[in-house]
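These notes are about the structure you will find just below.
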Amino acid sequence: MNLKDKRIVLTGAAGGMGSILARALLERGAKLAMVDANADALQSLATDLSEDAYPVAADLSSAEGCANAIKACQQHLGQVDMLINLAGLNGFVSFAEQDPAHIEIMMRVNVLAPMLLTRALLPSFLANNSGKIVNVGSVFGSIGFAWFATYSASKFGLRGFSEALRRELANTGVEVSYIAPRAVKTPMNDNAVMKMGEATGMNMDEPDAIVEKIIRAIEQDKKDSYFGFPEALFVRVNALLPRLVDKALAGQNKIAKTFLLK
Ligand SMILES: NC(=O)c1ccc[n+]([C@@H]2O[C@H](COP(=O)([O-])OP(=O)(O)OC[C@H]3O[C@@H](n4cnc5c(N)ncnc54)[C@H](OP(=O)(O)O)[C@@H]3O)[C@@H](O)[C@H]2O)c1
């Protein structure tokens, strides 16, 4: 897909990857409605970017927030050509001790919001017989990681939604793609995660490099993309031989546990 003049709703636009992705999309001639909960960061990003980047401050953790966000995006862009669901929340925590409110908000932002935003735009995509939904998941959406149970569950959900909807829309002009980076150096990963990542030898990519790969995946109309070796291979191994991966991760899980905040 050529991104020139495409009208795109980008969620999580003020975040570590979102701000870089917003710039990269504008460089390719796209017009953006940028959605994020962080109103200050969003406003300063919009000031830095061109008038083709319109800020929409919204909290996507509620159905009302999602509906209002889409309405504001449509009012600004008119017809929307693409939705990129990038907003997300992480949580490195023992599930036995995780605040139930944190579990709920993570599921809302990471999986329910992409579904509701898609639901809001899909009728107009179908009426035009064109449109693209890009869901940014994670390798954790294919391999469940200890101490990231809720995050993994949310990304498994997003991957399942993407796959099912892609099949449902197979005979239409509407495309669905799922993109799964491995760990990336952004503010999403706090100190505890960074230290745990170092101690366990977790590969961590630079956000600019991942954004370039996301853009390429969109331009090449990839249905799904998993970035990084050996993680992309482990995704396949885990699907076929999960007990083997249980054993392979056991040592890493023990080390990771020592970095959980008390
Ligand atoms: N970083 C990684 O290691 C990694 C790896 C694989 C996949 N991913 C995925 O990539 C995506 C982008 O991550 P990132 O690393 O760029 O994270 P980030 O820097 O934390 O950016 C995420 C953005 O989403 C926003 N957001 C959070 N809750 C929201 C809500 N309720 N309503 C609206 N916006 C909300 C955040 O705003 P606030 O700042 O106000 O919270 C933030 O600006 C996420 O879906 C993530 O799961 C990340």
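Both counts, for ligands and for their atoms, begin at 1 and track the order of listing.
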Would you check the N or O atoms of [X], main chain and side chain alike, for any that come under 3.5 Å of an N or O of ligand 1?
X: Y151; result: yes
X: N189; result: yes
X: M17; result: yes
X: V184; result: yes
X: P181; result: no
X: L60; result: yes
X: L89; result: no

Is the closest basic N to carboxylate O distance between [X] and [Y] below 4.0 Å?
X: E163; Y: R167; value: yes
X: D205; Y: R182; value: yes
X: E212; Y: R28; value: yes
X: K132; Y: D81; value: no

Only heavy atoms of [X], strictly under 4.0 Å: list the atoms of ligand 1 that pass.
X: A58; value: 32 (N), 33 (C)
X: R182; value: 5 (C), 6 (C)
X: P187; value: 19 (O)
X: A14; value: 43 (O)

Would you please classify the geometry between the F140 ring and the F145 ring as parallel, tilted or perpendicular, with 30° and 60° separating the classes?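 If you compare the ring of F145 with that of F140, the planes turn out parallel.
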
Does either side chain, that of S61 or that of D59, offer a donor lying less than 3.5 Å from an acceptor on the other one?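 Yes, a side-chain donor-acceptor pair sits under 3.5 Å.
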
Quick one: does K185 get a heavy atom under 4.0 Å from ligand 1?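 For ligand 1, residue contact (heavy atoms, under 4.0 Å) with K185 is absent.
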
Return the residue, atom name and 0.1 Å-rounded distance of the protein heavy atom closest to atom 19 (O) of ligand 1.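 Protein heavy atom with the smallest distance to atom 19 (O) of ligand 1: G16 N, 2.7 Å.
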
Could you name the option among I210, I214, L86 that has the heavy atom nearest to atom 44 (C) of ligand 1?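 Looking at heavy atoms only, the winner is L86.
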
